[in-house]
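Contents: one structure, followed by commentary.
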Amino acid sequence: MLAELRGLNEECGVFGIWGHPNPAAMTYYGLHALQHRGQEGAGIIVTDGKYLRAVKGEGLVNDVFNNGKLEKLEGHAAIGHVRYATSGGSGIENVQPLLFNSTTGGLAIAHNGNIVNATRLKRNLEQQGSIFQTTSDTEVLAHLLKKSNLASFEDRAKQALRLLDGAFAVIIMTEHAMYVAQDPQGMRPLSLGMLDGAWVVASETSAFDLIGAELVRSIDPGELLVINEEGCRSERYVEKKDRAICTMEYVYFSRPDSDIDGINIHMARKRLGKQLAKELSIDADVVTGVPDSSISAAIGFSEATGIPYELGLIKNRYVGRTFIQPSQDLRERGVKMKLSPVRQVVNGKRVVMVDDSIVRGTTSRRIVKMLKEAGATEVHVVISSPPLKNPCFYGIDISSDSELIAANNTIDEMCELIGADSLTFLSVEGMVEAIGRSDAEKNCGQCLACFTGEYPTSIYADTKLPHEKELVR
């Protein structure tokens with residue numbers, strides 16, 4: 001949860017369903033299960049075989065689809081999207097799914113991730129006469145699809161996808177078919193399921209659980225699914241590569257009840273906490289986690305050390321997620337609205353505060369201060385991931401390394417800055433082992449770029465940092 005208070009944000013979630021009598025309602029519920037992945041906008045587009053119809057808006061899912069708006073979306077298939085935007089990308093025109101109409105038919109796209117070569121692709125397309133209506137890099141894919149001279153839409157999709165570099169879990173829908181693609185490294189999560197004979201696709205399996213769908217499998221890197229009235233067919237648009245799933249999906253972003261490649265998020269986070277206990281020897285009276293994403297790791301740390309776990313911090317469920325505020329100052333002021341210490345739990349105690357990560361350190365400092373003001377005699381901060389030292393170019397809103405506290409300070413200096421009695425991070429090796437992807441049957445790689453600086457794709461000279469770019473979703 002600390003991550004959402006201080007600017008570490010997943011950019012969106014996607015959902016699609018084909019062959020259901022009420023696809024808009026199912027998509028609405030699916031987007032509810034993905035709401036944590038984006039709160040600035042939401043949209044649903046439905047096809048009835050003749051037309052594509054859309055309802056989109058800024059705000060939460062409940063706010064966008066009110067006053068009977070879902071009733072207008074009749075059809076047999078739908079795609080949906082929840083969005084978090086970086087600076088420069090706000091506005092209804094960027095809310096997805098994006099819808100494009102032409103004399104040859106309609107086209108809708110929902111995308112999670114970031115296309116790192118979007119700037120140069122957009123420049124080339126503009127030189128060929130394309131006019132862009134949004135600041136979203138997703139629109140680049142639409143222009144590539146329309147520019148292609150290949151006969152079939154499937155071939156045009158394969159050709160366009162091969163031109164993209166970066167992270168993309170994308171759902172494309174026409175009046176007659178749905179196309180689902182995963183980038184060659186599989187950096188963003190995307191799974192396939194079934195509901196009463198209907199095919200379902202979602203960023204997280206928690207969406208399947210909410211609507212009662214059954215998980216079929218994760219979608220492979222470089223795979224293209226073609227879903228239509230004939231069923232679901234798997235194709236490849238590039239050769240299969242080892243997967244490089246975003247590690248922060250396990251550490252923070254995904255819901256605890258979701259699974260990625262057969263690994264449950266809650267259980268992975270518990271193992272992160274237990275691994276921390278192996279790497280750290282500490283005397284303390286109570287363990288507490290920063291709600292919500294750090295609770296599982298805190299429980300694991302408590303079980304491994306024998307130090308009692310308590311709810312030392314309580315989250316106010318009726319305050320909107322603070323990170324959607326447009327300035328860091330407003331995010332910081334929201335900390336006390338979001339979290340409250342339980343004085344009876346921490347007063348007079350040596351407290352271990354478990355959190356998932358530290359970005360700028362400002363919120364960590366405020367929480368440590370709150371715990372000490374509530375009577376904690378010591379506050380030892382333990383982090384269930386390594387120090388974040390490098391920016392992300394793949395769809396996570398991590399600012400430049402100049403704003404990352406770990407990129408500019410030693411651990412001792414960071415400890416002093418946040419006012420803790422000690423500060424410990426999990427090792428990279430321990431994190432990889434605890435998550436357990438090395439035990440997976442295939443495609444077990446993961447992206448560690450924000451920790452190690454080793455990026456799984458090329459990073460172009462004109463690739464802009466997340467806080468600078470205009471290409472967002």
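Residue numbers start at 1 and run along the sequence shown.
In terms of modelled atom types and a separation under 3.5 Å, the side chain of T452 and the main chain of L448 share a donor-acceptor contact. Formation of a donor-acceptor pair under 3.5 Å by the Q39 side chain with backbone atoms of R83 is not found in this model. Counting only distance, with no hydrogens or angles, the side chain of N66 and the backbone of D63 share a donor-acceptor pair below 3.5 Å. Without hydrogens or angle criteria, N264 side chain to M267 main chain gives a donor-acceptor distance under 3.5 Å.
For the pair E249 and R37, the salt-bridge criterion is met [side-chain N within less than 4.0 Å of a carboxylate O]. We find that E175 and K50 are not joined by a salt bridge, their nearest charged nitrogen and carboxylate oxygen being 4.0 Å or further apart. In summary, D48 and R53 engage in a salt bridge, as defined by a charged side-chain N under 4.0 Å from a carboxylate O. A salt bridge does not link E71 with K69: every distance from a Lys NZ or Arg NE/NH1/NH2 to an Asp or Glu carboxylate oxygen is 4.0 Å or more. Comment: E235 engages K158 in a salt bridge, judged by a side-chain N to carboxylate O separation of less than 4.0 angstrom. Between E93 and K56 there is no salt bridge, since no side-chain N of the basic residue sits under 4.0 Å from a carboxylate O of the acidic one.
A heavy-atom distance below 4.5 Å is found between the side chains of F100 and E139. Using a 4.5 Å heavy-atom cutoff, the side chains of L313 and S340 are not in contact. Looking at I44 and L73, their side chains come closer than 4.5 Å, going by heavy atoms from C-beta outward. Residues I367 and L339 have side chains in contact (heavy-atom distance under 4.5 Å, counting atoms from C-beta outward). Contact check for F253 versus P189: no side-chain heavy atoms found under the 4.5 Å cut-off. In this structure, the side chains of W199 and L225 stay at 4.5 Å or more apart for every pair of heavy atoms. Between Q35 and V61 there is a side-chain heavy-atom pair separated by less than 4.5 Å. Considering only heavy atoms from C-beta on, V432 stays 4.5 Å or farther from E429 through its side chain.
Note that the CD1 atom of I383 and the CZ atom of F425 stand 5.5 Å from one another [nearest 0.5 Å]. A distance of 8.0 Å separates OG of S218 from CD1 of I245, quoted to the nearest 0.5 Å. Rounding to the nearest 0.5 angstrom, the gap separating the CZ atom in F208 from the CG atom in L192 is 6.5 Å. The distance from the CD atom of E74 to the OG1 atom of T47 is 12.5 Å, given to the nearest 0.5 Å.
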Intermediate values then yes/no, salt bridge (Lys or Arg N to Asp or Glu O under 4.0 Å), R243 and D261: CA-CA 10 Å; R243 191 162 193 190; D261 293 339; 2.7 Å; yes
Stepwise side chain to side chain donor-acceptor pair (under 3.5 Å) check, Y252 with R269: CA-CA 9 Å; Y252 167 66; R269 290 175 184 165; over 6 Å; no
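Remark: the Q275 side chain and the E279 side chain contain an N/O donor-acceptor pair separated by less than 3.5 Å. With hydrogens and angles left out, the side-chain atoms of H76 and E229 include no donor and acceptor closer than 3.5 Å. Residues T135 and N94 have side chains that bring a donor and an acceptor to within less than 3.5 angstrom of each other. Judged purely by distance below 3.5 Å, without hydrogens or angles, the side chains of S206 and D209 never pair a donor atom with an acceptor atom. A donor-acceptor contact under 3.5 angstrom links the side chains of K146 and T104, judged on distance only. Residues Y394 and R188 have side chains that never bring a donor and an acceptor to within less than 3.5 angstrom of each other. With hydrogens and angles left out, the side-chain atoms of T247 and Q446 include a donor and acceptor closer than 3.5 Å. Using modelled atom types, one finds a donor on one side chain and an acceptor on the other under 3.5 Å when comparing D356 with S293. Checked by atom type, the side-chain pair Q96/T138 shows a donor-acceptor distance below 3.5 Å. A donor-acceptor contact closer than 3.5 angstrom is absent between the side chains of T205 and D259. Of the N and O atoms on the side chains of H32 and N62, at least one donor lies less than 3.5 Å from an acceptor on the other residue.
Shown here is F132, whose CZ atom has more than 12 heavy atoms of other residues, nucleotides or ligands within 6.0 Å. The 12-atom threshold is not exceeded at NZ of K389, counting heavy atoms of other residues, nucleotides or ligands nearer than 6.0 Å. Surrounding OH of Y29 are at most 12 heavy atoms belonging to other residues, nucleotides or ligands under 6.0 Å away.
Annotation: Y309 is not in aromatic contact with F301 [ring centroid separation under 6.0 Å not met].
Here the closest heavy-atom approach between residue Q182 and residue L190 is recorded as NE2-CB, 3.7 Å.
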